[in-house]
Amino acid sequence: MKDDRFTGNFTQQEPLPEAAIEAAVRVMRSGRLHRYNTAPGELAETALLEQEFAAYMGSAYALAVASGGYALATALRAVGVEPGEPVLTNAFTLAPVPGAIASVGAVPVFVGVTEGLVIDLDDLAAKAKGARVLLLSHMRGHIADMDRLMAIAEAAGLIVIEDCAHTMGARWNGVLSGRHGLIGAYSTQTYKHLNSGEGGLLVTDDAEVAAKMVMLSGSYMLYDRHLAGPGREAFEAVKYTTPNVSGRMDNLRAAVLRPQLADLDAQCGRWNERYRAVEAGLAAVPGLTLIARPEAEDYVMSSFQFLLMDWSAAAVRDVVARAGARGVELKWFGAAEPLGFTSRYDSWRYAPSAPMARTDRVLAGLLDLRLPLTFSLEDCATIARIIREEVGAVFQAGA
Ligand SMILES: *Cc1c(COP(=O)(O)O)cnc(C)c1O
């Protein structure tokens with residue numbers, strides 16, 4: 001058994017559901033792909049998606065846009081972030097998050113990560129007074145104690161924007177991720193929980209913020225065609241002063257997303273089965289630390305993380321190489337140079353940062369793998385076994 005290989009593809013998602021394919025063909029046959037290009041009496045797919053997403057999230061308003069990163073930048077613009085302004089964000093997140101801050105000329109200020117892979121709330125409390133906005137990233141689906149986080153934010157007068165690229169459908173204490181802060185932002189890029197290739201969604205209960213985001217997305221004066229936007233009066237106040245930073249979603253992408261949204265909860269359940277299969281297979285492996293999941297968190301995990309805490313870089317590299325030779329692709333966040341998507345706060349040299357010892361210790365041991373729904377539960381057990389064997393071999397040799 002020792003030399004068996006896993007042959008699955010870590011980046012292969014499932015095909016889109018037939019209903020999505022049929023809806024896409026209908027839109028293509030119509031030729032009306034632009035969201036404001038509708039026949040008399042027709043409701044655009046994009047407007048319907050927004051209405052359905054607002055209903056799912058229990059939000060007053062929703063807006064569909066061109067990407068998750070665009071959604072984040074739009075949220076920052078809507079709350080008036082200005083050039084040169086410091087914006088708090090996670091030291092451990094994906095590059096489009098500090099990138100969104102930089103795109104509006106603001107300055108990312110990094111807050112550390114804990115061994116639970118969430119934002120360090122003590123570090124946040126210490127840095128909260130120096131900023132007006134927190135762009136909070138629920139990176140890789142790990143949700144911080146949102147009750148404590150919101151208390152810190154309220155005490156410091158911080159506006160919270162949630163990056164929920166990995167937490168669409170997840171909850172903290174029963175509240176959907178993205179519904180704690182002023183704005184929730186989501187991605188529908190292929191590797192997230194809904195797949196339209198590229199795409200983003202925004203939710204809020206604030207009419208002024210919603211009106212600004214609709215104008216920013218490029219609504220021209222056609223905002224009354226939205227089914228999940230605020231009333232006309234909200235636009236009167238902002239329509240001449242909010243720039244059009246064109247980034248709309250189109251009807252083709254909205255059409256493929258609507259049937260997927262209807263399936264979201266079921267898909268989340270399937271992801272979690274796979275996550276738990278890997279977690280069970282990696283229980284009690286000497287030298288390997290699993291990520292503890294708080295009781296209050298209802299996670300949705302389309303990827304898996306574990307820590308090799310305080311291992312030498314050479315030993316971690318050895319594990320990555322040995323697992324890779326057996327077909328298991330592990331991404332390491334501790335390498336000196338970013339590879340693929342493994343960049344971290346000190347990789348983003350356009351933003352100033354000082355070393356963070358606790359964060360560096362976590363990232364130095366952090367390994368990550370994707371769990372697409374094309375993997376069976378048996379595949380997940382095989383992946384866990386290969387990791388267990390290779391971690392065990394290197395650990396015994398003296399990590
Ligand atoms: C993917 C991702 C984004 C950005 O989404 P895009 O749709 O790819 O622009 C933002 N934050 C996190 C944590 C992500 O994983």
Side-chain angles (χ1 to χ4, degrees), residues 10-11 13 46 49 53 62-77 87-104 106 108 110-111 113 117-119 133-144 160-170 177-178 181 183-203 213 216-217 245-250 253-254 256-257 260-261 268 271 291 299-305 331 333 338-345 347-348 351 363 366 368-372:
F10 283 81
T11 56
Q13 305 294 358
T46 310
L49 171 68
F53 195 65
L63 175 69
V65 295
S67 76
Y70 179 88
L72 296 176
T74 302
L76 293 169
R77 285 193 172 93
V87 174
L88 296 167
T89 195
N90 305 56
F92 171 52
T93 183
L94 207 74
V97 179
I101 297 170
S103 80
V104 298
F110 298 110
V111 183
V113 66
L117 302 188
V118 297
I119 195 164
V133 177
L134 166 65
L135 180 49
L136 170 67
S137 185
H138 305 294
M139 177 63 168
R140 288 290 185 276
H142 299 273
I143 305 178
V160 178
I161 297 169
E162 295 182 70
D163 164 27
C164 307
H166 296 149
T167 53
M168 187 192 284
S177 187
I183 303 172
Y186 307 81
S187 168
T188 63
Q189 186 240 74
T190 294
Y191 299 109
K192 315 301 164 95
H193 299 170
L194 302 178
N195 177 8
S196 60
E198 304 288 354
L201 288 155
L202 287 155
V203 297
M213 294 197 300
L216 285 162
S217 76
V245 187
S246 194
R248 293 170 302 274
M249 184 178 278
D250 57 87
R253 284 187 279 173
V256 304
L257 288 170
Q260 295 181 66
L261 179 59
C268 291
W271 263 304
I291 309 302
Y299 56 72
V300 178
M301 291 300 290
S302 53
S303 63
F304 194 94
Q305 294 73 40
K331 307 294 180 188
F333 280 89
L339 289 174
F341 54 77
T342 63
S343 64
R344 51 171 198 249
Y345 75 98
S347 320
W348 306 317
L363 296 180
L366 178 58
D368 176 83
L369 58 143
R370 291 185 203 278
L371 293 176

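Start at 1 and go down the list; that is how both ligands and their atoms are numbered. Numbering starts at 1 and runs along the sequence shown.
- Looking at E162, its side chain does come within 3.5 Å of a backbone N or O of G178 through a donor-acceptor pair.
- Scored by the ring-ring contact (aromatic ring centres under 6.0 Å, His included) test, F304 finds Y275 as partners (sequence neighbours excluded).
- R253 contributes atom CZ, which lies 8.5 Å from atom OG of S67 (distance to the nearest 0.5 angstrom).
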Go ahead and list the nitrogen or oxygen contacts between ligand 1 and the protein that come in under 3.5 Å, distances to 0.1 Å, or just say none.
from: ligand 1; atom 1: 5 (O); to: S187; atom 2: OG; distance (Å): 3.4
from: ligand 1; atom 1: 7 (O); to: G68; atom 2: N; distance (Å): 2.7
from: ligand 1; atom 1: 7 (O); to: S187; atom 2: OG; distance (Å): 2.7
from: ligand 1; atom 1: 8 (O); to: Q189; atom 2: NE2; distance (Å): 2.9
from: ligand 1; atom 1: 9 (O); to: G68; atom 2: N; distance (Å): 3.4
from: ligand 1; atom 1: 9 (O); to: G69; atom 2: N; distance (Å): 2.7
from: ligand 1; atom 1: 11 (N); to: D163; atom 2: OD1; distance (Å): 3.3
from: ligand 1; atom 1: 11 (N); to: D163; atom 2: OD2; distance (Å): 2.8
from: ligand 1; atom 1: 15 (O); to: H166; atom 2: NE2; distance (Å): 2.8
from: ligand 1; atom 1: 15 (O); to: K192; atom 2: NZ; distance (Å): 2.8

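- The aromatic rings of F110 and Y345 lie tilted to each other, with the angle between the two planes from 30° to 60°.
- Taking OG1 of T167 as the start and CE of M301 as the end, the distance is 10.5 Å to the nearest 0.5 Å.
- In this structure, W271 and H193 have tilted ring planes: the angle between them lies in the 30° to 60° band.
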